[in-house]
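Heads up, the thing below is written out as structure tokens.
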Amino acid sequence: MIKVNNLIKKFNDKVVLDNISFNVNDGETLAIVGFSGSGKSTILKIICNLLEQDSGTVETSKGDIAMVFQYSALFDSLNVFDNIAFALTERKDLKHKYSKEDLNSIVKQKLMLVGLTGIEDKFPSELSGGMQKRVSFARAIVTEPKTILYDEPTAGLDPISSTLIEDYIVRLKEETHASSIVVTHQMSTIKRTADRVLMIYKGKKVFEGTPEEMLNGGNDYTKQFVTASLNGPMQMLAE
Ligand SMILES: Nc1ncnc2c1ncn2[C@@H]1O[C@H](COP(=O)(O)OP(=O)(O)OP(=O)(O)O)[C@@H](O)[C@H]1O
Ligand SMILES: [Mg+2]
């Protein structure tokens, strides 16, 4: 469960989140959409405690919160194995819990889940962007989190790799019953993964509904988004 109430966040007097509220139930995936700079990543960063809100509250289920970053953010100097095992080998509360054999099998299982096997010894620079993304996905879920936040998990991937990642997001939700948020610009990701969609513009919620409601009408904001139109209530030009 994720409960966000009346979130307000300013950066240097610029209001980036303007009273945002929403809930995500256990086992549910919420897609957050909106133009660049509308505050999507900021919401995720506040939920996982990387940033502090100015006011408002955030509640999540007990357990770990995983964040799959917009850019893969792997540790360049660590190989794939050490990247994925990182939380289990470095976190105070976890580092003595697993034997080398446990770690080997956990890393192998997570790699399999993202369709990669036998690349434990490779370094991030030896992998394609899409593979890096999938490794960062494996790293995020290594602690069996109850809350999973994905920041543009399919950005920059070819359509087939996108479908793969979308399937992992769905499979993971079914396996863990986690509450997930997926920030995305891609309709395919919304359609495949989301139970509900939240659209924000200039830090305000302008739509909340199911993907079907968004596609079959919605409102002027979703219409503009779905048709990628320059005309509508949302203007891209700098104010
Ligand atoms: N640490 C920061 N310091 C100052 N301003 C910031 C900071 N982080 C974000 N912002 C500003 O807050 C606004 C929202 O940023 P955010 O990264 O949440 O947007 P976004 O919706 O994720 O955009 P994109 O689709 O491009 O990733 C932007 O105007 C951005 O410049
Ligand atoms: Mg972002």
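One-based numbering along the sequence shown. In each ligand, atom 1 is the first atom listed, and ligand 1 is the first ligand listed.
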| Any donor-acceptor pair under 3.5 Å linking the side chain of Gln235 with the backbone of Gly232? | yes
| said: Between Arg192 (side chain only) and Glu166 (backbone N and O only), is there a donor and an acceptor less than 3.5 Å apart? | reply: no
| message | Against the six-membered ring of Phe75, is Arg139 placed for a cation-pi contact (under 6.0 Å from the centre, within 45° of the normal)? | response | yes
| request: Measure the distance from atom 25 (O) of ligand 1 to every protein heavy atom, then report the residue, atom name and distance (to 0.1 Å) of the closest one. | output: Lys40 NZ, 2.8 Å
| said: Donor-acceptor pair, distance only, cut-off 3.5 Å: does the side chain of Gln132 make one with the backbone of Pro124? | reply: yes
| said: If you take the nearest heavy atom of each of Gly203, Gly39, Ser41, which one is closest to atom 17 (O) of ligand 1? | reply: Ser41
| query | Would you say Phe11 and ligand 1 have an N/O pair spaced under 3.5 Å apart? | reply | no
| query | What protein heavy atom sits nearest atom 26 (O) of ligand 1, and how far off is it? | reply | Ser36 OG, 2.6 Å
| said: Please report whether ligand 1 has a polar contact with Asn12, defined as an N or O pair separated by less than 3.5 Å (distance criterion only). | reply: no
| field | Pair Phe207 and Phe225, ring centroids less than 6.0 Å apart | value | no
| request: Look at ligand 1 and say whether Lys45 reaches it with a heavy atom at a distance under 4.0 Å. | output: no
| field | Region of Val16 engaging ligand 1 - heavy atom pairs below 4.0 Å | value | side chain
| Do we get Lys9 above Phe11's six-membered ring, with its NZ or CZ under 6.0 Å from the centre and within 45° of the axis? | yes
| message | Closer than 3.5 angstrom, by distance alone: can the side chain of Asp18 be matched with the main-chain N or O of Gly203 as a donor-acceptor pair? | response | no
| request: For the Mg ion (ligand 2), decide whether Ser41 has an N, O or S atom at a distance under 2.8 Å. | output: yes
| Should Gly34 be listed as contacting ligand 1, given a heavy-atom distance under 4.0 Å as the test? | no
| field | Proximal ligand 1 atoms for Glu152, defined as those under 4.0 Å from one of its heavy atoms | value | 25 (O), 27 (O)
| field | atom 27 (O) of ligand 1: nearest protein contact (heavy atom, Å) | value | Gln70 NE2, 3.0 Å
| query | Do NZ/NE/NH1/NH2 and the carboxylate oxygens of Glu212 and Lys191 come within less than 4.0 Å? | reply | no
| remark: atom 23 (O) of ligand 1 has as its nearest protein heavy atom Gly37 N, 2.8 Å
| Ligand-side contact atoms (ligand 1) for residue partner Ser38, heavy atom cut-off under 4.0 Å | 19 (O), 21 (O)
| message | How far is atom 15 (O) of ligand 1 from the closest protein heavy atom, and which atom is that? | response | Thr42 OG1, 3.7 Å
| query | Are any of the protein's heavy atoms under 4.0 angstrom from atom 8 (N) of ligand 1, yes or no? | reply | yes
| What is the ring orientation for Tyr201 with Tyr221, classed by angle as parallel under 30°, tilted 30 to 60°, or perpendicular over 60°? | tilted
| query | Can a salt bridge be assigned to the pair Asp54 and Lys10 using a cut-off of 4.0 Å between side-chain N and carboxylate O? | reply | no
| 4.0 Å protein heavy-atom contact status of atom 30 (C) of ligand 1, strictly under | no
| task | Output yes when Glu90 and Lys95 qualify as a salt bridge under the 4.0 Å nitrogen-oxygen rule, no when they do not. | result | no
| field | Residue Lys14 vicinity, atoms of ligand 1 by number, heavy atom under 4.0 Å | value | 29 (O)
